[in-house]
Amino acid sequence: MPELPEVEIFKQVADSCRGGIINHVSIADPAILDGISAKDLEQRLKGQRVRSTRRRGKHLFLELSGGGTLAMHFGMNGSLKRVSEGEPDPSYARLQIYFEKGDRLAYINPRRLGRVGLAENAEAFIAKTELGPDVLDATFDSHSFAAILAGSKRDIKSVLMDQALMAGIGNIYSDEILFQARLFPGTVANQLKGKKATCLYRAMRKTLETAINSGAGSERGVERLPKEFLLTQRRPGGRCPHCGAPLETVKHAGRTSYYCPRCQAN
DNA sequence: TTAAGTGTTGCTCT
DNA sequence: AAGAGCAACACTTA
């Protein structure tokens with residue numbers, strides 16, 4: 001679930017904790033830590049404040065008042081929740097940041113495929129991880145997007161999901177974006193030039209923005225998406241919201257793509 | 001009961 | 001060098 005729209009919602013959750021002084025940190029599962037021990041992380045966080053938050057693709061950064069940035073990734077599932085004092089721990093809360101006021105921020109990660117680490121700053125983490133530009137960043141315009149497509153002979157679905165080329169899109173939203181753009185997932189990227197590339201770029205931005213505004217990542221997020229979204233039907237037996245044809249699936253690199261065989265012509 | 005499937009990423013092998 | 005296969009993990013579905 002956590003692709004760009006969901007992580008953007010988690011960012012808003014983290015923002016609501018800005019300014020609070022961290023009293024202590026509880027790490028229920030050190031396996032989700034990346035490159036730092038539980039003890040060191042607690043030492044580094046204690047007494048600090050979350051000064052600001054940033055997002056790049058599917059990564060969330062909590063920038064600390066005294067330097068250092070907590071870098072979070074949510075894996076194939078996972079979320080961030082603000083928990084009030086006295087409320088029980090959410091299931092699968094692997095790490096919790098307790099604030100002096102009593103509330104806390106819970107990093108939830110059932111499958112333990114996500115990671116939390118401490119970097120000097122977001123830029124350093126981004127460079128090390130080789131993350132491409134965030135697809136919703138204002139500087140990532142249709143020309144930058146078209147240039148990436150022109151430089152790849154791979155299928156468009158893989159290119160959209162390649163975090164080193166552009167960051168934020170995963171299996172779910174790439175299906176939705178290609179559906180909105182009426183493109184077959186196996187279309188070769190460098191065949192999408194000019195108007196076609198621009199059309200796909202606009203579909204990408206609009207789809208992600210719509211998902212964020214629909215409260216993606218909150219509970220029942222999919223049901224709150226517009227009914228013309230493929231995602232509302234993205235399951236075995238689902239039908240195209242546009243023409244009613246049964247959806248079909250193809251596999252690329254082990255990932256299942258859903259598409260409408262009539263609206264997304266090969 | 002068991003096995004296969006799943007929203008991600010990163011490694012290995014070709 | 002790009003792309004396939006698989007492993008990491010926990011849970012759900014067939």
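Here is how names work: the chains are called A, B, and so on, in the same order as the sequence lines, proteins then strands, and each is numbered from 1.
Using a 4.5 Å cut-off on side-chain heavy atoms (C-beta onward), A:Phe99 and A:Leu105 make contact.
Checking B:dG7, B:dT6, B:dG10 against every side-chain atom of A:Arg111, the shortest atom distance belongs to B:dT6. The side chain of A:Glu3 sits closest to B:dG7 out of B:dG7, C:dA2, B:dG5. Closest to the side chain of A:Leu113, from the set B:dG10, C:dA8, C:dA10, is C:dA8.
We find that CE of A:Met76 is positioned 11 Å from C1' of C:dC11, with the value rounded to whole Å. To the nearest angstrom, P of B:dT6 lies 13 Å from CE of A:Met161. Atom-to-atom, CG of A:Leu131 to P of B:dT8 comes out at 14 Å; the value is rounded to the nearest Å. Put simply, NZ on A:Lys251 is 16 Å from C1' on C:dG3, counting in whole angstrom units. In this structure, the CZ atom of A:Phe10 is 14 Å from the C1' atom of B:dT8, given to the nearest Å. In this structure, A:Lys153 places its NZ atom 9 Å from P of C:dG3, rounding to the nearest Å. Rounded to whole Å, the distance from CG on A:Asn171 to P on B:dG5 is 15 Å. Rounded to an integer number of Å, the gap from A:Gln163 CD to B:dT8 C1' is 9 Å.
In a base pair of the Watson-Crick type (N1 to N3 plus N6-O4 or O6-N4) or a G-U wobble (N1-O2 and O6-N3), with each distance short of 3.5 Å, C:dC9 is matched with no nucleotide. Remark: B:dG7 base-pairs with no nucleotide in the shown strands. Criterion, Watson-Crick or G-U wobble with two distances under 3.5 Å.
B:dG10 sits 23 Å from C:dC11 when the P atoms are compared, rounded to a whole Å. Rounded to whole Å, the separation between the P atoms of C:dA1 and B:dT9 comes to 23 Å. Taking atom P on both nucleotides, C:dC9 is separated from B:dT1 by 24 Å, rounded to a whole Å.
Within the nucleic acid shown, A:Thr256 comes within 4.0 Å of sugar-phosphate atoms alone, with no base atom in reach, counting heavy atoms only. Residue-level contact check: A:Arg255 touches the bases, meaning some heavy atom is under 4.0 Å from a base atom. Residue-level contact check: A:Arg234 touches the backbone only, with heavy atoms under 4.0 Å from sugar-phosphate atoms and none from bases.
Close to C:dC11, at under 4.0 Å from its OP1 or OP2, lies a side-chain N or O of A:Tyr92. OP1 or OP2 of B:dT9 sits under 4.0 Å from a side-chain N or O of A:Lys58. A sub-4.0 Å separation between OP1 or OP2 of C:dA8 and a side-chain N or O of A:Arg115 is absent. For the OP1/OP2 pair of B:dT9 and a distance below 4.0 Å, the side-chain nitrogens and oxygens of A:His73 include at least one atom meeting the criterion. Look at A:Arg112 and you'll find a side-chain N or O under 4.0 angstrom from OP1 or OP2 of C:dA10.
Residues A:Asp15 and A:Lys11 are paired through a salt bridge, judged by an N-O separation under 4.0 Å between the basic side chain and the carboxylate.
A donor-acceptor pair shorter than 3.5 Å cannot be found between the side chains of A:Asn23 and A:Lys101.
For the salt bridge (Lys or Arg N to Asp or Glu O under 4.0 Å) criterion with A:Arg55, the lone passing option out of A:Glu6, A:Glu63, A:Glu8 is A:Glu8.
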Practice task
Go through A:Phe184 and A:Tyr259 one step at a time and tell me if the ring pair (Phe, Tyr, Trp, His ring centres under 6.0 Å) criterion holds.
Solution key: CA-CA 7 Å; A:Phe184 182 68; A:Tyr259 70 100; 5.1 Å; yes
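Counting heavy atoms of neighbouring residues, nucleotides and ligands inside a 6.0 Å radius, atom CD of A:Gln43 does not exceed 12 of them.
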